[in-house]
Amino acid sequence: MQKIYFDNAATTKISDEVFETYNDVCKSSFGNPSSLHTMGLEAEKVLESSRRIFTDIFNGMKIVFTSGGTESNNLAIRGYLNANPRKGRHIITSVTEHPSVYELFANLEKSDYNVDFVGVDKKGEVNVEELLRLVTEDTALVSIMSVNNETGYIQDICKISSAIKKKNHSTCFHTDAVQGFCKIPTDFKNSDIDLISVSSHKIHGPKGTGAIAYGTGNLISPFFYGGGQES
């Protein structure tokens with residue numbers, strides 16, 4: 001019996017082209033990119049070539065590769081807050097975020113952060129007026145996902161980030177772009193988005209691979225120490 005797959009929003013099958021490239025790299029460029037011998041240098045070229053592609057997409061942002069969307073969201077949000085304690089103790093997200101964001105904010109609320117969860121309407125659109133009313137001089141970070149993983153609602157994150165910057169230019173804006181990346185047009189090069197999380201298995205890439213992009217002026221504290229290959 002023929003099987004028809006309708007769950008691409010949850011995960012995608014790796015594309016033939018990606019699979020072939022992945023296999024080729026694993027066989028021919030398997031050296032440690034941090035090693036100084038020939039095989040290491042060849043692997044480094046492949047890695048940095050991939051990083052440059054993402055850097056161009058995200059308008060010169062720094063790129064850190066991760067294990068996927070959950071790590072990307074946690075590293076971006078908690079890493080930024082840990083590295084920038086003077087930015088404030090107030091953070092905002094929406095009530096319909098992915099658990100890797102929503103539960104992180106709930107945990108941060110227990111860690112002496114003042115957390116606001118902004119509401120959405122029947123369609124799932126974030127109440128921007130409510131959001132802007134909540135932004136204060138103490139608001140360190142706002143996180144709003146680009147496309148909801150359950151409803152599919154598309155937020156206008158460029159408009160939202162711009163409005164937040166007008167209210168408080170020092171507030172960092174993060175977006176969980178895991179569901180929207182490479183699926184909907186987003187002008188990252190002309191936006192006020194500071195932190196972006198993506199994952200490859202949503203776009204026919206291998207599982208266990210993701211990334212965060214962050215502005216060159218932002219500091220991100222690591223979760224794990226000794227991983228110099230990803231700064």
Side-chain angles (χ1 to χ4, degrees), residues 7-12 14-15 18 50-81 91-105 117-118 120 123-126 128 131 141-165 171-218 220 230:
D7 203 21
N8 280 298
T11 193
T12 58
I14 190 170
S15 74
V18 172
S50 299
R51 202 186 304 275
R52 283 193 297 273
I53 292 171
F54 279 89
T55 297
D56 183 61
I57 291 171
F58 296 122
N59 197 30
M61 284 182 161
K62 292 184 178 180
I63 305 298
V64 173
F65 292 118
T66 69
S67 65
T70 295
E71 183 186 344
S72 291
N73 283 332
N74 277 263
L75 176 58
I77 295 168
R78 193 186 290 274
Y80 177 83
L81 294 175
I91 53 179
I92 306 171
T93 192
S94 81
V95 295
T96 55
E97 295 296 308
H98 186 273
S100 61
V101 171
Y102 187 92
E103 293 180 17
L104 172 58
F105 272 69
F117 295 91
V118 68
V120 300
K123 297 181 297 182
E125 182 178 4
V126 167
V128 179
L131 172 58
L141 180 143
V142 176
S143 180
I144 303 294
M145 69 196 319
S146 63
V147 179
N148 188 274
N149 58 297
E150 296 291 342
T151 67
Y153 188 84
I154 302 170
Q155 306 288 350
D156 191 343
I157 54 172
C158 292
K159 179 181 177 180
I160 294 172
S161 61
S162 178
I164 290 170
K165 292 293 185 181
T171 297
C172 178
F173 185 83
H174 165 262
T175 187
D176 171 359
V178 167
Q179 286 290 353
F181 183 54
C182 291
K183 299 176 185 177
I184 60 171
T186 304
D187 188 8
F188 291 112
K189 293 186 176 182
N190 294 292
S191 75
D192 290 303
I193 303 170
D194 301 294
L195 292 166
I196 305 164
S197 301
V198 296
S199 181
S200 73
H201 78 100
K202 302 288 188 180
I203 51 173
H204 302 283
K207 291 174 173 60
T209 306
I212 65 168
Y214 64 101
T216 54
N218 296 320
I220 304 291
E230 288 302 320

Would you call the rings of F65 and F54 parallel, tilted or perpendicular, taking 30° and 60° as the class edges? perpendicular

Among [options], the one residue meeting side chain to side chain contact (heavy atoms under 4.5 Å, CB included) with [X]:
| X | options | result |
| --- | --- | --- |
| L141 | I92, L195, I164 | L195 |
| T70 | S197, P99, S100, S199 | S100 |
| S94 | V101, N148, V118, L131 | V118 |

Give, for atom [atom1] of [X] and atom [atom2] of [Y], the distance between the pair rounded to the nearest 0.5 Å.
| X | Y | atom1 | atom2 | result |
| --- | --- | --- | --- | --- |
| D187 | I193 | CG | CD1 | 9.0 Å |
| H98 | T93 | NE2 | OG1 | 12.5 Å |
| S161 | D156 | OG | CG | 8.5 Å |
| T66 | L75 | OG1 | CG | 7.5 Å |
| M61 | F188 | CE | CZ | 8.5 Å |
| I77 | I220 | CD1 | CD1 | 10.0 Å |

Which heavy atom in [X] sits nearest to a heavy atom in [Y], and how many Å separate them?
| X | Y | result |
| --- | --- | --- |
| H204 | T12 | N-OG1, 2.6 Å |
| Q155 | M145 | CG-O, 3.3 Å |
| A211 | S72 | O-OG, 3.1 Å |
| H174 | A76 | CD2-CB, 3.8 Å |
| L104 | N73 | CD2-O, 4.2 Å |
| G205 | V18 | CA-CG1, 4.2 Å |

Given Y80 and I91, is the side chain to side chain contact (heavy atoms under 4.5 Å, CB included) satisfied, shown in steps? CA-CA 12 Å; Y80 177 83; I91 53 179; over 6 Å; no

Using a 3.5 Å distance criterion without hydrogens, assess whether the side chain of [X] forms a donor-acceptor pair with backbone atoms of [Y].
| X | Y | result |
| --- | --- | --- |
| D194 | F173 | yes |
| T209 | S200 | no |
| K165 | T171 | yes |
| Q179 | G152 | no |
| T175 | I144 | yes |
| K202 | A10 | yes |

Which residue pairs pass the salt bridge (Lys or Arg N to Asp or Glu O under 4.0 Å) test with at least one member in residues 143-152, sequence neighbours excluded? none

Residues in salt bridge (Lys or Arg N to Asp or Glu O under 4.0 Å) contact with D56, at least two apart in sequence or another chain: K189

Qualifying residues under salt bridge (Lys or Arg N to Asp or Glu O under 4.0 Å), relative to E125, sequence neighbours excluded: K123

A quick test of your reading: do over 12 heavy atoms of other residues, nucleotides or ligands sit less than 6.0 Å from NZ of K207? yes

Yes or no on side chain to side chain contact (heavy atoms under 4.5 Å, CB included) for V147 and K183, after CA distance, side-chain angles and deciding distance? CA-CA 10 Å; V147 179; K183 299 176 185 177; over 6 Å; no

Derivation and outcome, side chain to side chain contact (heavy atoms under 4.5 Å, CB included), residues F181 and I196: CA-CA 10 Å; F181 183 54; I196 305 164; over 6 Å; no

